[in-house]
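Numbering starts at 1 and runs along the sequence shown.
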Amino acid sequence: MRIGVLGTGNMADALATHWVRAGHDVVVGGRDVQKAERLATRLGGSAKPASLRAAAEFGQVVLAALPFGAGTSVVRELRAPLDGKVLIDCSNPVGPGFLLQTQGGLSAAQQLAAAAPGTHVVKAFNLCHEDVWRMNPPIFDERPLAVPVCGDDATALTLVRQLVRHVGCEPVAGGGLERAGLLEATAALFIGLWVAEGADAQAIAPPLAYAAGPKQEESEETARAFR
């Protein structure tokens, strides 16, 4: 697969490393060509440096590894070369106090889609710190990390799910792009719990078997015990 990467920061480095290892052709694009060259050299393999526009033109799938706030303007500038492409948004619009900067408006992913209407935007990879994505692979308690994926185009979702697996994770259907804001809100909640409270955010969710309440037979047994 041809993958263009917009950005030269930690998320670009962490995710593209896996994709180069998996044999994909990767072009790293940055406004600072020297940073793009350094990242491409570190990635090795097929990775090559380029401008943001050249990376957008190259990629069948394009990763927008850009901070919230910068992404929309960059994508708007690249609207033409991104037309018809798959664009992965991994940003988190989380501001001071671990609050969403998009409250009451479009999600970060929807803002990218509005900036380049011909692009198939998919939200993914936003729930973890870049050091988690550097793991090879991200496995916890013998279980691969699950990655929710939100998007509206079936072909785009198929390609992104493949890239999720090539990071060593399991894709999870997150619904359409209108649900991307829920992923971003989840990140804001989790980051606040982890960083501000030092809490184990995983502990707030029960096992899947109990997600909808106890099973009927268990409820009946409990009821009989209290008679």
Of all residues at least two apart in sequence or in a different chain, which pass the ring pair (Phe, Tyr, Trp, His ring centres under 6.0 Å) check with His166?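 Once residues adjacent in sequence are excluded, the partners of His166 under the ring pair (Phe, Tyr, Trp, His ring centres under 6.0 Å) criterion are His24.
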
[atom1] of [X] to [atom2] of [Y]: how many Å apart, nearest 0.5 Å?
X      : Y      : atom1 : atom2 : answer
Trp133 : Leu145 : CH2   : CG    : 5.0 Å
Phe58  : Lys85  : CZ    : NZ    : 9.5 Å
Thr8   : Lys35  : OG1   : NZ    : 5.5 Å
Trp194 : Leu189 : CH2   : CG    : 9.0 Å
Glu184 : Asn126 : CD    : CG    : 6.5 Å
Asp13  : Leu39  : CG    : CG    : 5.0 Å

Are Val172 and Val147 close enough, and set up right, to give a side-chain contact (heavy atoms from CB on, under 4.5 Å), and what steps lead you there? CA-CA 6 Å; Val172 175; Val147 178; over 6 Å; no

A quick test of your reading: do over 12 heavy atoms of other residues, nucleotides or ligands sit less than 6.0 Å from CD of Gln202?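 For Gln202, atom CD is not crowded (no more than 12 foreign heavy atoms under 6.0 Å).
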
Can you tell me if Ile204 has over 12 outside heavy atoms packed within less than 6.0 Å of its CD1?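 Enclosed.
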
Are [X] and [Y] in one and the same hydrophobic cluster, where Ile, Leu, Val, Met, Phe, Trp and Tyr link if side-chain heavy atoms are under 4.5 Å apart?
X      : Y      : result
Ile191 : Met11  : no
Leu52  : Val26  : no
Phe68  : Val122 : no

Donor-acceptor pair, [X] side chain versus [Y] backbone, under 3.5 Å?
X      : Y      : value
Gln110 : Ser107 : yes
Gln111 : Leu106 : yes
Asp32  : Gln34  : yes
Trp19  : Leu163 : yes
Ser73  : Ala70  : yes

Lys48 and Asp25: CA distance, side-chain angles, deciding distance, salt bridge (charged side-chain N to carboxylate O under 4.0 Å, His left out) verdict: CA-CA 9 Å; Lys48 296 180 177 61; Asp25 294 321; over 6 Å; no

Basic-acidic side-chain contact under 4.0 Å: Asp89, Lys123: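 Answer for the salt bridge query: yes.
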
Answer yes or no: is there an ion pair linking Glu57 with Arg2, defined by an N-O contact shorter than 4.0 Å?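 Result for this pair is no, no salt bridge flagged.
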
Does Phe140 form a side-chain contact (heavy atoms from CB on, under 4.5 Å) with Val132? I'd like the steps, not just the answer. CA-CA 10 Å; Phe140 302 91; Val132 172; 4.2 Å; yes

Can you find a heavy atom in the side chain of [X] that is under 4.5 Å from one in the side chain of [Y]?
X      : Y      : value
Arg134 : Asn10  : yes
Val61  : Met1   : yes
Ser51  : Val33  : no
Val160 : Pro171 : no
Val149 : Val164 : yes
Leu177 : Val121 : yes

Run through Pro144, Cys169, Cys128 and flag the one making a side chain to side chain contact (heavy atoms under 4.5 Å, CB included) with Pro138.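 In the set Pro144, Cys169, Cys128, the residue that makes a side chain to side chain contact (heavy atoms under 4.5 Å, CB included) with Pro138 is Cys169.
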
Let's go through Leu63 and Cys90 carefully: what are the C-alpha distance in whole Å and the side-chain angles of both, what is the deciding distance for side-chain contact (heavy atoms from CB on, under 4.5 Å) to 0.1 Å, and is it a yes or a no? CA-CA 8 Å; Leu63 171 69; Cys90 63; 4.1 Å; yes

